[in-house]
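What follows is a short report on a single structure.
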Amino acid sequence: MNDRHPRPSLTVEKVSGFVITGILLPCEEEQPIKRIEFDAENHTTIQETVGGTFEAFNLDTPPASILANDEAMLWSLLFNHRATILLWLHTKGLRGQVYISGDAVLTGTPDGRGRTNSVPEELVTLLLDTEAYGVEFLHRPDGPWSRKGATFTDWFDAYNYAIVHEATFAAVRGARVIGL
């Protein structure tokens, strides 16, 4: 990581008392992704985690956001493959246009008051608790989803496969990664 942005210790500093769960997506691939907890109204914790001020990239489905350093290019932070691939599969309109650099945090979307929510449980389960993954494809807008026979032991490999397959075959309208 850039020396200007040392990795913080992830302690929960209570300001409002609204502690939420997120998933830390380190840019250094040898570092595992992990569950973190922080006060949803204390932006300092997120700023320390991503190394500066941050912006939110909202996923289309499920309702989640990736929080990342908004000056990553200025600081030449390392490219974050995992956060980018996650964003690209869940937000097709940003694919190939937005690249995330530096450490990132996956959270839920903000509520009506603008307070960030916990990351959806389905993403916690998929990214942290699943041992085998499959990929399903949508060929018609009204379904059904069909699964290819490939099985993966790493979510990142399954996500890459889904994106490449969707981009390669014109008949594929959508792709998703599922736990097996």
Side-chain angles (χ1 to χ4, degrees), residues 1 7 10 20-38 46 49-50 54-69 72 77-109 116-180:
M1 183 175 238
R7 185 177 307 280
L10 295 172
I20 65 166
T21 299
I23 297 175
L24 175 64
L25 302 162
C27 60
E28 297 161 341
E29 292 181 30
E30 64 276 358
Q31 297 294 320
I33 66 170
K34 64 182 175 181
R35 181 185 326 247
I36 60 172
E37 291 185 342
F38 57 94
I46 296 171
T49 303
V50 302
F54 60 91
E55 62 185 314
F57 298 96
N58 295 324
L59 307 185
D60 291 336
T61 182
S65 298
I66 296 176
L67 309 179
N69 188 309
L77 298 180
L78 293 175
F79 176 64
N80 191 323
H81 289 95
R82 294 179 289 193
T84 301
I85 287 296
L86 188 68
L87 178 68
W88 286 0
L89 186 64
H90 292 280
T91 313
K92 195 173 178 179
L94 297 180
R95 195 174 296 168
Q97 298 179 31
V98 173
Y99 299 84
I100 297 176
S101 294
D103 293 342
V105 178
L106 179 63
T107 67
T109 54
T116 302
N117 288 304
S118 288
V119 64
E121 189 59 38
E122 68 185 271
L123 286 174
V124 172
T125 300
L126 184 67
L127 300 176
L128 298 175
D129 300 331
T130 302
E131 294 182 16
Y133 303 87
V135 177
E136 291 183 335
F137 297 99
L138 188 64
H139 298 281
R140 293 189 326 264
D142 58 346
W145 289 91
S146 61
R147 183 170 176 272
K148 292 292 182 187
T151 299
F152 302 89
T153 57
D154 184 274
W155 70 267
F156 183 75
D157 293 337
Y159 269 69
N160 272 313
Y161 178 82
I163 289 171
V164 168
H165 196 88
E166 184 179 8
T168 303
F169 297 98
V172 175
R173 303 277 191 130
R176 67 182 181 189
V177 173
I178 59 168
L180 300 177

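Fair warning: this is a prediction, and the values are worked out from it, not measured in the lab.
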Margin query: I'd like to know if the side chain of Arg173 and the backbone of Leu138 have a donor-acceptor N/O pair within less than 3.5 Å.
Written below: no
Note to self: So Trp155 and Thr130, do their side chains get closer than 4.5 Å, heavy atoms only?
What the structure shows: no
Next item on the list: Taking the side chain as every heavy atom from C-beta outward, state whether Leu89 and Arg95 have any pair of such atoms under 4.5 Å apart.
Entry: yes
Next item on the list: Kindly compute the distance separating CG (Leu24) from OG1 (Thr49), expressed to the nearest 0.5 Å.
Entry: 6.5 Å
Next item on the list: Indicate yes or no: at least one non-hydrogen side-chain atom of Ile33 is less than 4.5 angstrom from one of Pro26.
Entry: yes
Notebook entry, point to check: How far apart are the closest heavy atoms of Leu86 and Leu25, and which atoms are they?
Noted result: CD2-CD1, 4.0 Å
Note to self: For Pro63, give me all partners under side chain to side chain contact (heavy atoms under 4.5 Å, CB included), at least two apart in sequence or on another chain.
What the structure shows: Thr109
Notebook entry, point to check: Quick one: which of Leu123, Ile66, Ile85, Val177 gives a side chain to side chain contact (heavy atoms under 4.5 Å, CB included) with His90?
Noted result: Leu123
Notebook entry, point to check: How long is the gap from NE2 on His165 to NZ on Lys148, to the nearest 0.5 Å?
Noted result: 4.5 Å
Next item on the list: Answer yes or no: is there a donor N or O on one side and an acceptor on the other, between the side chain of Tyr133 and the main chain of Leu126, under 3.5 Å?
Entry: yes
Note to self: Distance check, rounded to the nearest 0.5 Å: Leu127 atom CG versus Ile23 atom CD1?
What the structure shows: 4.5 Å
Check: Roughly how far, to the nearest 0.5 Å, is CZ of Phe57 from CG of Leu94?
Finding: 7.5 Å
Next item on the list: Any chance you could measure Leu87, atom CG, to Asp60, atom CG, to the nearest 0.5 Å?
Entry: 9.0 Å
Next item on the list: Search all heavy atoms of Val98 against all heavy atoms of Trp88 and return the closest pair with its distance.
Entry: O-NE1, 2.8 Å
Check: Does a donor on one side chain and an acceptor on the other come within less than 3.5 Å for Asn58 and Ser65?
Finding: yes
Notebook entry, point to check: Judged by atom type as modelled, is there a donor-acceptor pair below 3.5 Å linking the side chain of Arg82 to the main-chain atoms of Phe156?
Noted result: no
Checklist line | Gap between atom CG of Asn80 and atom OH of Tyr99 - 0.5 Å precision | finding: 14.0 Å
Margin query: side-chain contact (heavy atoms from CB on, under 4.5 Å), that's the test. Do Thr125 and Glu122 meet it? Break it down for me.
Written below: CA-CA 5 Å; Thr125 300; Glu122 68 185 271; 5.8 Å; no
Item checked: Taking every non-hydrogen atom, the tightest pair across Phe137 and Ala162 -> CE2-O, 4.0 Å
Checklist line | Donor-acceptor contact present, side-chain Trp145 to main-chain Val135, <3.5 Å | finding: no
Next item on the list: Take Val105 and Phe38 through the side-chain contact (heavy atoms from CB on, under 4.5 Å) test and state the conclusion after the steps.
Entry: CA-CA 11 Å; Val105 178; Phe38 57 94; 4.1 Å; yes
Note to self: Under the criterion side-chain contact (heavy atoms from CB on, under 4.5 Å), I'd like the reasoning laid out for His139 against Val172: C-alpha separation, chi angles, the key distance, then a yes or no.
What the structure shows: CA-CA 5 Å; His139 298 281; Val172 175; 3.7 Å; yes
Check: Considering only heavy atoms from C-beta outward, does the side chain of Leu59 approach that of Leu106 to under 4.5 Å?
Finding: yes
Margin query: With a 3.5 Å distance limit and no angle check, can you tell me whether Arg147 reaches the backbone of Ala150 through a side-chain donor-acceptor pair?
Written below: yes
Next item on the list: Give a yes or no answer on whether the side chain of Asp103 reaches the backbone of Cys27 with a donor-acceptor pair at less than 3.5 Å.
Entry: yes
